[in-house]
There are 2 protein chains.
Amino acid sequence: MARKLIENHNECPITHSMNIIGNKWTSIIVYVLAGRTLRFGELAIRIDKISRKVLSNQLKEMELRGIVHRESYAETPPRVEYSLTKKGEELLPILNQLCAWSKDIDLDMNP
Amino acid sequence: MARKLIENHNECPITHSMNIIGNKWTSIIVYVLAGRTLRFGELAIRIDKISRKVLSNQLKEMELRGIVHRESYAETPPRVEYSLTKKGEELLPILNQLCAWSKDIDLDMNP
DNA sequence: TAAAGTAGTAACCAAACGGTAACTAACATG
DNA sequence: CATGTTAGTTACCGTTTGGTTACTACTTTA
């Protein structure tokens with residue numbers, strides 16, 4: 001279930017960072033969750049091509065890391081709401097800089 | 001050879017960013033190359049656990065994206081030196097923020 | 001009684017990724 | 001003539017990741 005981590009015996013800080021956000025979906029989930037609360041199903045719709053299984057796994061991992069907050073309501077049908085924690089919100093300005101940085105890189109001339 | 005990209009029809013900027021640096025090694029290579037020029041073999045030694053094949057592929061992709069500069073000398077034995085482009089250098093302050101952000105996240109309590 | 005709606009989970013399979021070992025070219029040295 | 005040196009590449013294969021489908025539980029509505 002859990003993703004495999006890069007070994008990091010010499011505690012390289014960037015390797016540590018990559019072990020947290022260096023995968024396909026984590027940053028995208030943070031970005032989509034920016035400033036709002038969304039239910040599981042809404043997240044699944046907004047994030048193109050993600051499967052419910054993978055979304056579920058990622059959210060679980062992010063909750064464990066303290067990036068995402070999960071609030072479950074005992075209703076029928078069930079309702080579960082996801083939002084960013086303070087830590088998650090702190091990632092946003094960094095991601096915005098990343099977006100700005102990558103703006104002028106072209107992927108069309110592909111390998 | 002080339003990594004598969006996340007589909008991004010609605011041109012989500014963070015998805016675009018993740019298509020560039022959202023993988024195991026790219027950011028780590030940028031970090032190791034910060035402010036210096038290294039030969040292929042030196043990179044392979046400094047980056048723990050990366051295989052020469054994967055390193056070669058990553059560098060090729062990063063060169064294509066304009067993040068890394070490759071200088072090859074027609075000597076025997078061959079010498080190839082890698083360094084960051086201006087674009088690559090611009091990524092560094094962002095990566096440093098990422099390192100600072102991730103500092104207090106604990107991975108030991110693992111999924 | 002049947003269907004609909006939600007948030008998952010389990011089993012299973014396909015695709016992507018990563019690693020290993022052997023190999024190349026080209027010259028220098030012993 | 002064999003060996004070492006470097007930056008790769010190729011073929012092969014195992015691991016990891018991702019995707020699909022079906023299924024659950026519970027209650028409301030038709």
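In what follows, every chain begins at residue 1, and chains take the letters A, B, ... in the order their sequences are listed.
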Tell me whether B:N19 contacts the main-chain N or O of B:L5 through its side chain, where contact means a donor paired with an acceptor under 3.5 Å. no
Side chain A:H9, main chain B:D48, donor-acceptor under 3.5 Å: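 Not at all, since once roles are kept as given, no pair shorter than 3.5 Å links the two residues.
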Check the phosphate of D:dT6 against B:R39, side-chain N and O only, distance under 4.0 Å to OP1 or OP2. Yes or no?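 For D:dT6, neither OP1 nor OP2 has a side-chain N or O of B:R39 closer than 4.0 Å.
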List the atom pairs, with distances to 0.1 Å, where a side-chain N or O of residues 90-102 of chain A and a protein N or O form a donor-acceptor pair under 3.5 Å, not counting sequence neighbours.
unit_1, atom_1, unit_2, atom_2, d
A:E90, OE2, A:K86, NZ, 3.1
A:N96, ND2, A:L92, O, 3.4
A:Q97, OE1, B:Q97, NE2, 2.9
A:Q97, NE2, A:P93, O, 3.4
A:Q97, NE2, B:Q97, OE1, 2.9
A:W101, NE1, B:K87, O, 2.9
A:S102, OG, A:L98, O, 3.3
A:S102, OG, A:C99, O, 3.2
A:S102, OG, B:S17, OG, 2.8

Give a yes or no on whether B:L107 and A:I14 share a hydrophobic cluster (residues Ile, Leu, Val, Met, Phe, Trp, Tyr; joining criterion: side-chain heavy atoms under 4.5 Å apart).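 The answer is yes; both residues are in one hydrophobic cluster.
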Are B:I28 and A:I6 close enough, and set up right, to give a side-chain contact (heavy atoms from CB on, under 4.5 Å), and what steps lead you there? CA-CA 11 Å; B:I28 297 177; A:I6 312 174; 4.1 Å; yes
Check against side-chain contact (heavy atoms from CB on, under 4.5 Å), B:R52 and B:S56: CA-CA 6 Å; B:R52 301 172 79 84; B:S56 168; over 6 Å; no
Whole angstrom is fine here: how far is it from [atom1] in [X] over to [atom2] in [N]?
| X | N | atom1 | atom2 | result |
| --- | --- | --- | --- | --- |
| B:L55 | D:dG8 | CG | P | 9 Å |
| A:D48 | D:dG19 | CG | C1' | 14 Å |
| A:I50 | D:dG18 | CD1 | C1' | 10 Å |

Minimum heavy-atom distance between A:D106 and B:R65, given as atom pair plus value: O-NH1, 4.2 Å
Show the nearest heavy-atom pair for residues A:V30 and A:L84, with the distance to one decimal. O-CD1, 3.7 Å
In the 5' to 3' direction, the nucleotides of DNA chain C bounding the stretch that comes under 4.0 Å of a heavy atom in chain B are C:dA16 to C:dC27
For A:R46, give me all partners under salt bridge (Lys or Arg N to Asp or Glu O under 4.0 Å), at least two apart in sequence or on another chain. none
Residues in salt bridge (Lys or Arg N to Asp or Glu O under 4.0 Å) with A:R79, at least two apart? A:E75, A:E81
Can you pull the side-chain hydrogen bond (donor to acceptor under 3.5 Å, both in side chains) pairs that have at least one residue in residues 20-39 of chain B, sequence neighbours excluded?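 Qualifying pairs, neighbours excluded: B:N23-B:T26, B:N23-B:Q58, B:T26-B:Q58.
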In chain order, what residues pass the side-chain contact (heavy atoms from CB on, under 4.5 Å) check against [X], with sequence neighbours excluded?
| X | answer |
| --- | --- |
| B:T76 | none |
| B:K49 | A:E7 |
| B:R70 | B:E63, B:S72, B:V80, B:Y82 |

Global bending angle along the helix from C:dT1-D:dA30 to C:dG30-D:dC1, which compares the axes of five pairs at either end, to 10 degrees: 30°
Note: contacts of residues 13-38 of chain A with DNA chain C (heavy atom, under 4.0 Å) are none
Under a 4.0 Å heavy-atom cutoff, the residues of residues 67-77 of chain A touching DNA chain C are A:R70, A:T76, A:P77
Enumerate all atom pairs, one protein N or O and one N or O from nucleotides 9-16 of chain D, separated by less than 3.5 Å.
unit_1, atom_1, unit_2, atom_2, d
D:dT9, OP1, B:K60, NZ, 3.1
D:dT9, OP2, B:S56, OG, 2.7
D:dT9, OP2, B:K60, NZ, 3.3
D:dT16, OP1, A:K4, NZ, 3.4

Working note: B:T85 + B:V68, criterion side-chain contact (heavy atoms from CB on, under 4.5 Å); need CA distance, chi angles, decisive distance, verdict. CA-CA 5 Å; B:T85 60; B:V68 150; 5.6 Å; no
Need to verify one output field. Residue with the more 5' nearest nucleotide on DNA chain D, A:K49 or B:E42?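 In this pair, the answer is B:E42.
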